[in-house]
Amino acid sequence: YYRWEQWLFKRLYEKGLIYKRLGTVNWDPVDETVLANEQVIDGRGWRSGALVEKREIPMYYMKITAYADELLASLDDLPDWPEQVRTMQKNWIGRSEGVEISFPYDEASIGKTGTLKVFTTRADTLMGATYVAVAAEHPLAEQAAANDPALAAFIEECKRGGVSEADMATMEKMGMATPLSVRHPLTDELLPVWVANYVLMGYGEGAVMAVPAHDERDFAFAHKYGLPVKMVVGSDRYADVAAPWQDAYAEHGTLVNSDKYDGLDFQGAVDAIAADLEAKQLGNKRVQYRLRDWGISRQRYWGCPIPMIRCDSCGDVPVPDEDLPVVLPENVEITGRGSPLAKMPEFYECACPSCGKPARRETDTMDTFVESSWYFLRYACPDADAMVDERANYWALVDQYIGGIEHAILHLLYSRFFTRAMRDCGLVDVSEPFTRLLTQGMVVADTYYREDEAGRKQWFNPAEVAVERDDKGRVTSARAPDGAAVVIGGTEKMSKSKNNGVDPQALIDRYGADTARFFIIFAAPPDQQLEWSDSGVEGAFRFLRRVWNFGHAYATQHRAQLAGGAPELPAALADVRREIHLNLKQANFDFARHQFNTVASATMKMLNALEKAPQGDAAAHAAVASEGFSILLRVLAPITPHLAHTLWTECGFAGKLLDAAWPEPDENALRQDEIELMVQVNGKLRGSIQVAADADQDTIEGIALASEAAQKFMDGKPPRKVVVVKGRLVNIVV
RNA sequence: GCCGGGGUGGUGAAACUGGUAAACACAGCAGACUUAAAAUCUGCCGGCGCAAGCCUUACGGGUUCAAGUCCCGUCCUCGGCACCA
């Protein structure tokens with residue numbers, strides 16, 4: 001598998017879809033190792049406790065941004081993905097239109113000539129820019145720090161802490177002035193250059209223009225450091241420009257204080273300013289994505305080795321195809337410090353494939369997300385003597401993909417990208433990996449524990465704990481098998497550590513697979529978490545046993561009464577038949593929207609109706625029972641196939657259940673002569689009336705107004721308005 | 001902090017397009033059957049109140065004849081935030 005992953009790496013590298021550049025990582029200076037974001041706790045290494053620092057190291061990147069537009073647009077081609085997943089991906093890709101602006105600098109302002117680039121979606125506020133901020137690693141910051149120990153110390157401080165977006169967003173915003181300035185591209189005014197810890201080198205240009213009046217973050221920063229605030233977007237709130245502002249005005253509006261741009265609206269101002277910048281060659285409109293390229297280099301042992309060789313004369317050279325795979329050595333020594341492969345000369349010492357001189361093999365391995373991005377294609381052709389063969393096309397796309405919501409963005413976006421990258425390498429014809437997506441919930445169960453003197457928790461499995469309840473059924477206490485009390489720990493994800501797991505095999509042994517399936521289906525919709533309950537399982541078993549008993553009673557007694565033809569039904573049996581078809585209609589509707597728990601409810605309601613059907617008229621009862629039970633079995637078949645198929649045969653229904661047509665509700669059975677309508681007075685439910693099903697508006701109004709409930713609560717006042725909702729209710733407003 | 005979910009009885013949940021809140025179950029309570037137990041069946045089961053009735057879908061506002069559902073704000077909670085995978 002990883003041989004072909006390396007092979008694809010090379011193809012993507014050749015196509016320019018993989019490249020190398022510096023990336024920022026968490027560095028633990030004590031363990032001398034790169035830490036995952038998860039391993040950085042409050043800015044410190046989880047094991048060493050050392051203050052983590054940001055460090056720039058060379059890494060390989062996959063150019064997922066080359067597909068940003070396609071990945072975004074194609075979300076519309078995935079109607080069978082949950083809306084929330086598509087929304088999250090859309091926001092993650094984050095397409096925004098804006099302007100790239102160059103702030104020129106020269107001998108006078110910085111000591112050399114050049115431009116500082118920033119990107120902004122608010123070019124309309126350019127006339128309100130009062131300073132620019134650069135990342136600590138930005139070349140201008142380093143230049144300024146060269147002769148300024150205080151600034152150098154501040155830059156060191158900025159490098160502390162983790163790199164995760166959550167850390168960046170929640171840390172205190174800090175900055176320090178530099179003696180440098182850049183020129184405003186339109187007014188030529190000098191703007192001070194600040195170094196700020198919230199500007200990241202790896203994001204965008206590593207620099208931002210600051211407009212305190214119209215950006216919350218800039219406002220807070222300017223407020224803290226006494227930087228000028230210049231209002232350029234009009235608002236009633238800020239009619240008094242001199243008043244002390246509480247916050248920024250970030251909405252779009254009409255420009256003021258902006259010379260020739262005064263009076264323009266957002267779009268007009270962006271257009272005019274972009275045009276002027278373009279004329280001066282100091283800016284241009286451009287689309288920016290929030291999506292960043294995917295850094296795949298990991299300084300870990302476990303992983304697919306990156307098939308590259310570093311040669312001092314030739315640069316980065318791919319390992320020749322015939323030398324693949326680059327095999328992960330097994331005699332590795334794991335010390336917990338640094339990358340194990342980087343300490344194994346027998347692994348990294350090699351000859352340059354290009355010039356033959358001694359060279360160094362790449363010791364980084366790939367992010368394991370790379371593996372999970374194409375397995376579904378390889379699984380279609382596991383013995384192929386290529387990355388994939390034509391069988392991948394035959395089986396793609398995956399019809400139904402199931403996974404947790406935690407994969408909504410990363411795994412699912414990487415897989416979508418990978419499928420396209422493989423397509424563009426001529427490996428598959430498809431662009432998307434998964435047709436339908438279901439994000440399932442977790443299985444959770446109650447937890448119980450007891451603490452020893454040392455504070456260690458001993459966890460008890462829910463199956464061995466006896467709970468005590470008050471007379472309302474509320475759980476009051478719980479006891480372990482030894483009779484002593486345990487602490488009720490709440491409902492948590494099933495896990496070994498909390499000892500609250502349930503072995504499905506034990507369940508199947510005891511109740512059978514159908515009961516397990518029925519309970520799981522009935523307990524919660526599939527995308528919601530499933531709360532395990534032993535008594536719930538027993539409830540499912542009781543229901544299925546009732547189905548079984550009804551089937552056998554039907555087979556032995558009722559069926560004998562079946563006369564054939566369609567007998568005239570007494571009212572009570574017509575009601576039963578109506579109940580069956582009503583629930584069938586509901587079940588079909590719920591199947592279509594994938595809400596299976598209410599399908600299970602519908603089968604329970606059907607059985608309840610069948611069991612209560614009066615048996616006085618044997619022939620009519622047999623007809624209703626026969627039709628009703630055949631519907632029940634067919635609706636139940638996808639949930640409890642074994643039970644349904646067996647009963648279908650034992651009851652003597654024609655053919656095999658698998659071949660039977662899916663039942664459709666009979667509209668005639670649903671028809672009613674009289675219906676009940678609720679009567680409300682001033683929106684409050686006060687009673688109900690019986691009306692003919694086809695009664696018109698006036699008739700219904702008349703009956704409602706004359707009803708006892710209405711008369712009582714109208715208090716003799718004339719109706720001001722009467723709202724009739726067909727088939728539902730009448731609301732009388734007085 | 002940002003993005004996406006969620007918050008309804010003792011519990012799991014249902015309520016489709018704004019129209020009877022709590023369907024269907026679980027637990028509980030009472031009863032029938034039984035010498036007894038299990039199983040099964042029947043009834044009750046959001047809160048307050050003797051009752052009439054009033055209140056109730058996290059909290060506070062709003063729109064509407066009518067809000068669990070729509071709008072604004074707040075709180076809590078879960079998932080993700082690019083090196084957990």
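Every chain is numbered from 1 and lettered A, B, ... according to where its sequence line falls, protein lines coming before strand lines. Owing to the predicted nature of the structure, the values given are computational and were not obtained by experimental measurement.
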Q: State plainly whether the residues Glu53(A) and Lys159(A) are in salt-bridge range, i.e. N to O under 4.0 Å.
A: no

Q) With respect to the phosphate group of rA39(B), does any side-chain polar atom (N or O) of Arg546(A) fall under 4.0 Å of OP1 or OP2? A) no

(Q) Using a strict threshold of under 4.0 Å (side-chain N to carboxylate O), is an ion pair present between Glu579(A) and Lys605(A)? (A) no

Q: Scan residues 33-46 of chain A for pairs that pass side-chain hydrogen bond (donor to acceptor under 3.5 Å, both in side chains), counting only residues two or more places apart or in two chains.
A: Asn26(A)-Asn37(A)

Every protein N/O lying under 3.5 Å from an N/O of nucleotides 53-55 of chain B:
unit_1  : atom_1 : unit_2    : atom_2 : d
rG53(B) : OP1    : Lys712(A) : NZ     : 2.9
rC54(B) : OP1    : Arg686(A) : NH1    : 3.4
rC54(B) : OP1    : Arg686(A) : NH2    : 3.1
rC54(B) : OP2    : Arg686(A) : NH1    : 3.1
rC55(B) : OP2    : Lys684(A) : NZ     : 3.2

Please tabulate, one pair per line, each protein N/O and nucleotide N/O from nucleotides 7-12 of chain B that are separated by under 3.5 Å, including the distance.
unit_1  : atom_1 : unit_2    : atom_2 : d
rG12(B) : O2'    : Ala523(A) : O      : 2.7

Q. Ignoring hydrogens and angles, are the base of rC65(B) and the side chain of Asn731(A) linked by a donor-acceptor pair under 3.5 Å?
A. yes

(Q) Apply the syn/anti split at 90° from 0 to rG73(B) and say which one it is. (A) anti

Q: Measure the spacing between NZ of Lys712(A) and OG of Ser707(A) and express it to the nearest 0.5 Å.
A: 11.5 Å

Q | Lys63(A) and Asp293(A) ion-paired at < 4.0 Å | A | no

N/O contacts under 3.5 Å, protein versus nucleotides 70-73 of chain B?
none

**Q.** Pair listing, salt bridge (Lys or Arg N to Asp or Glu O under 4.0 Å) test, anchored in residues 516-542 of chain A, at least two apart
**A.** none

**Q.** rC83(B) base / Arg300(A) side chain donor-acceptor hit below 3.5 Å
**A.** yes

Q: State whether the number of non-hydrogen atoms from other residues, nucleotides or ligands found under 6.0 Å of Arg728(A) atom CZ is greater than 12.
A: no

Q. Under a cut-off of 3.5 Å for both distances of each Watson-Crick or G-U pair, what dot-bracket string does RNA chain B give, using [ ] for crossing pairs and | for inter-strand pairs?
A. (((((((..(((......[....))).(((((.......))))).(((....)))..(((((..]....))))))))))))....

Q: State whether Gln586(A) places a side-chain N or O below 4.0 Å from either non-bridging phosphate oxygen (OP1 or OP2) of rA14(B).
A: no

(Q) Check the orientation of Tyr67(A) and Phe417(A). Use parallel for under 30°, tilted for 30 to 60°, and perpendicular for over 60°. (A) perpendicular

**Q.** Phosphate-side-chain proximity, Asn91(A) and rC2(B), N/O vs OP1/OP2 below 4.0 Å
**A.** no

Q. Below 4.0 angstrom from OP1 or OP2 of rA25(B), is there any side-chain N or O of Asn608(A)?
A. yes

**Q.** Side chain to side chain, Val733(A) and Pro719(A), heavy atoms closer than 4.5 Å
**A.** no

Q: Check whether the side chain of Gln39(A) and the base of rC84(B) form a donor-acceptor pair under 3.5 Å.
A: no

